[in-house]
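Sharing a structure here in structure tokens format.
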Amino acid sequence: DVKVTQSSRYLVKRTGEKVFLECVQDMDHENMFWYRQDPGLGLRLIYFSYDVKMKEKGDIPEGYSVSREKKERFSLILESASTNQTSMYLCASSFLITEAFFGQGTRLTVV
Amino acid sequence: AQRVTQPEKLLSVFKGAPVELKCNYSYSGSPELFWYVQYSRQRLQLLLRHISRESIKGFTADLNKGETSFHLKKPFAQEEDSAMYYCALRRTQGAQKLVFGQGTRLTINP
């Protein structure tokens, strides 16, 4: 069974803080993704990574960066959190013909 | 560019009625399309993918390249089908970028 684990279910941060969201997968998948999920807007791709240290911007990368130093771990970084980054963040992983497997989500509130 | 559009944010039907959730896409290459579902308090999970051509939980979806659509259908809705449904497109050229539509919340009324 593929496991995609996000480090926190709920997170509350202050405006201007640097925030790290962590995601780990245990199936040696090449591809990893970060999305934000907002009502009415669906899942919007922030960044994805197709190999260690390789990344590509998604549709809404502004205000975010990512890090993939090891294959199993993909971190999303909010350089200076703002209230409009309050959202549900979903991590996923996939490999070649497999479907994407999702984590349980991190609900981030920026106050 | 790859893009997925789900025109209906909300869809409400009665139990036993047919259901159709619409999905349109734009992609210059040959697409790989999926439907994902998220039940209440559960993770997003795959429902079906166009290459498998199978029916899952009574749902089917046909890829129509001429109309660039991948609508999800079920002839007789059940209450347990109430969920959030997302259509997704995976790029088949280069890195496997996966993008989703805006989602449709399906409610099945008893």
Side-chain angles (χ1 to χ4, degrees), chain A residues 1-6 9-10 23-25 27 29-61 66 68 71 74 87-107, chain B residues 1-11 21-27 30-54 56 61 83-107:
Chain A
D1 231 16
V2 176
K3 272 258 172 62
V4 180
T5 305
Q6 295 181 229
R9 287 298 306 269
Y10 300 95
C23 176
V24 177
Q25 50 95 2
M27 282 301 290
H29 283 174
E30 304 289 338
N31 303 315
M32 295 189 75
F33 307 83
W34 275 108
Y35 298 90
R36 62 177 283 178
Q37 183 181 33
D38 299 288
L41 298 177
L43 268 70
R44 291 180 292 167
L45 181 63
I46 304 171
Y47 269 98
F48 87 104
S49 169
Y50 48 91
D51 204 344
V52 174
K53 298 190 179 180
M54 306 301 286
K55 63 186 179 186
E56 186 173 321
K57 291 181 180 179
D59 296 322
I60 52 164
V66 290
R68 187 140 180 232
K71 196 173 188 181
F74 191 36
S87 185
M88 173 69 86
Y89 290 86
L90 298 180
C91 174
S93 73
S94 73
F95 177 59
L96 290 179
I97 64 168
T98 73
E99 73 264 31
F101 294 88
F102 280 82
Q104 77 277 29
T106 296
R107 184 165 293 283
Chain B
Q2 58 192 108
R3 194 170 300 279
V4 176
T5 303
Q6 294 177 249
E8 304 136 331
K9 289 185 181 179
L10 301 169
L11 187 61
L21 286 75
K22 291 184 168 47
C23 172
N24 290 91
Y25 68 89
S26 65
Y27 180 56
S30 185
E32 190 172 6
L33 287 152
F34 305 82
W35 277 98
Y36 283 79
V37 61
Q38 190 170 31
Y39 301 104
S40 180
R41 289 185 291 278
Q42 291 188 28
R43 300 182 185 213
L44 201 62
Q45 59 187 286
L46 178 71
L47 179 62
L48 54 80
R49 55 198 302 178
H50 89 272
I51 60 171
S52 62
R53 295 181 162 274
E54 56 187 347
I56 305 291
M84 194 74 186
Y85 291 80
Y86 291 96
C87 183
L89 184 154
R90 181 158 71 188
R91 195 165 66 190
T92 54
Q93 296 161 327
Q96 294 180 306
K97 184 178 177 182
L98 178 67
V99 297
F100 286 78
Q102 301 90 327
T104 298
R105 180 167 295 284
L106 176 64
T107 301

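Chain naming here is simple, since letters A, B, ... match the order of the sequence lines and numbering starts at 1 in each.
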(message) Need one label for B:L98: side chain, backbone, both or neither, based on atoms under 4.5 Å from any heavy atom in chain A.
(response) both

(request) Specify the closest pair of heavy atoms between B:R43 and A:G103, including all atoms of both residues, with the distance to one decimal. (result) NH1-CA, 3.5 Å

(request) Please look at B:K97 and chain A and tell me whether the side chain, the backbone, both or neither of the residue comes under 4.5 angstrom of a heavy atom of that chain. (result) both

(message) Quick check for you: to the nearest 0.5 Å, what is the distance between B:Q2 atom CD and A:D59 atom CG?
(response) 8.0 Å

(message) Testing the basics here: between B:L44 and A:F102, what is the closest heavy-atom pair and its distance to 0.1 Å?
(response) CD2-CZ, 3.5 Å

(message) Heavy-atom cut-off 4.5 Å, strictly under: side chain, backbone, both or neither for A:L41 against chain B?
(response) backbone

(request) Of all the heavy-atom pairs spanning A:F48 and B:R91, show the shortest one and how long it is. (result) CZ-NH2, 3.8 Å

(message) I need the residue from B:Q96, B:Q42, B:M84 with the largest number of non-hydrogen atom pairs under 4.5 Å to chain A.
(response) B:Q96

(request) Name the region of A:E56, side chain, backbone, both or neither, that has any atom closer than 4.5 Å to a heavy atom of chain B. (result) side chain

(request) Could you grab the distance from atom CZ of A:F33 to atom CZ of B:F100, nearest 0.5 Å is fine? (result) 8.0 Å

(request) Identify which part of B:R90 has an atom lying under 4.5 Å from any heavy atom of chain A, answering side chain, backbone, both or neither. (result) side chain

(message) Restricting to non-hydrogen atoms, name the atom on A:T98 and the atom on B:R49 that form the minimum distance, rounded to 0.1 Å.
(response) C-NH1, 4.0 Å

(request) Please check if the side chain of B:Y36 supplies one atom and the backbone of A:A100 the other of a donor-acceptor pair under 3.5 Å. (result) yes

(request) Counting only heavy atoms closer than 4.5 Å, note whether A:F95 contacts chain B via side chain, backbone, both or neither. (result) backbone

(request) Please determine, among A:Q37, A:E30, A:M54, the option with the most heavy-atom pairs under 4.5 Å with chain B. (result) A:Q37

(request) Quick one: closest heavy-atom pair of A:G40 and B:Q102, and the distance? (result) O-CB, 3.9 Å

(request) Return yes when atom CZ of B:R105 has more than 12 non-hydrogen atoms of other residues, nucleotides or ligands closer than 6.0 Å, and no otherwise. (result) no

